Amino acid sequence: MKIKLVLIALSVVTLFSSSVFSEPTSGVTTIYSIKPYMLTNTVFVEVSSEIICQTRTFKIDLAKLNGKATYAAALSAMMANKKVMLEISDTTGCTDWGTELQSITVFAY
């Protein structure tokens with residue numbers, strides 16, 4: 001009986017914890033535009049279908065740690081027409097147009 005209760009409790013925790021994020025995360029989408037700004041050291045990434053934080057346009061700060069790697073991932077995904085998932089910065093949160101990205105997940109399919 002105790003084992004059943006433990007398994008049920010673990011199932012409930014797993015069910016709810018998998019759908020909770022500490023920051024907003026997009027669904028699977030496609031990058032269709034990348035616009036680097038030389039003077040501000042930022043890159044703007046626009047996605048095709050996912051609206052998160054009231055926008056489809058997100059910012060990558062190249063001056064931040066791994067900013068250039070995130071930009072490279074975005075550019076590679078766009079050129080290969082791969083699906084991506086965007087994660088919003090913990091630090092800045094949602095700021096509408098130009099919300100800062102924390103990470104980009106690129107999918108093989």
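Just so it is clear, the model here is predicted, and its values are computed rather than measured.
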Find out whether [X] and [Y] are in side-chain contact, i.e. whether some heavy atom of one side chain is under 4.5 Å from a heavy atom of the other.
X: T29; Y: V84; answer: yes
X: T105; Y: F107; answer: yes
X: Y32; Y: V47; answer: no
X: V45; Y: S33; answer: no
X: T25; Y: M85; answer: yes

Rounded to the nearest 0.5 Å, how far apart are [atom1] of [X] and [atom2] of [Y]?
X: E100; Y: T70; atom1: CD; atom2: OG1; answer: 9.5 Å
X: I51; Y: S26; atom1: CD1; atom2: OG; answer: 12.0 Å
X: Q102; Y: L86; atom1: CD; atom2: CG; answer: 11.5 Å
X: T42; Y: K59; atom1: OG1; atom2: NZ; answer: 6.0 Å
X: I60; Y: N66; atom1: CD1; atom2: CG; answer: 11.5 Å

Report task. Using atom types as modelled and distance alone, determine if a side-chain donor or acceptor of S76 lies under 3.5 Å from a backbone N or O of A73. Result ->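 No, the answer is negative, given that no donor and acceptor are paired below the 3.5 Å cut-off.
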
Requested in this report: Not counting sequence neighbours, which residues clear side-chain hydrogen bond (donor to acceptor under 3.5 Å, both in side chains) with T30? List them please.
Outcome: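 By the side-chain hydrogen bond (donor to acceptor under 3.5 Å, both in side chains) rule, T30 matches K83.
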
Requested in this report: Would you please say whether a donor-acceptor pair under 3.5 Å links the side chains of E87 and S103?
Outcome: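 A donor-acceptor contact under 3.5 Å links the two side chains.
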
Report task. Compute the ring centroids of F44 and F58, then answer whether they are less than 6.0 Å apart. Result ->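 No.
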
Query raised in the report: Hey, any chance Y71 and L65 share a hydrophobic cluster, counting ILVMFWY side chains that come within less than 4.5 Å of each other, even indirectly?
Result: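 Looking at the clustering, L65 is in a separate group from Y71.
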
**Report entry** Ion pair check, E46 and K35, cut-off under 4.0 Å
**Finding:**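 Here E46 does not pair with K35 in a salt bridge, since their nearest N and O are not under 4.0 Å apart.
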
Requested in this report: For residues G93 and T99, report the shortest heavy-atom separation together with the two atoms involved.
Outcome: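 Taking G93 first and T99 second, the nearest heavy atoms are O-CG2, 3.5 Å.
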
Query - Closest approach of A63 to D61 (non-hydrogen atoms, all atoms of both residues) - result: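 Scanning both residues completely, I find the closest heavy atoms to be N-OD1, 3.0 Å.
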
**Report entry** Of L62, L101, L75, the residue whose pairing with V43 passes side chain to side chain contact (heavy atoms under 4.5 Å, CB included)
**Finding:**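 Going through the options one by one, the only one that passes is L62.
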
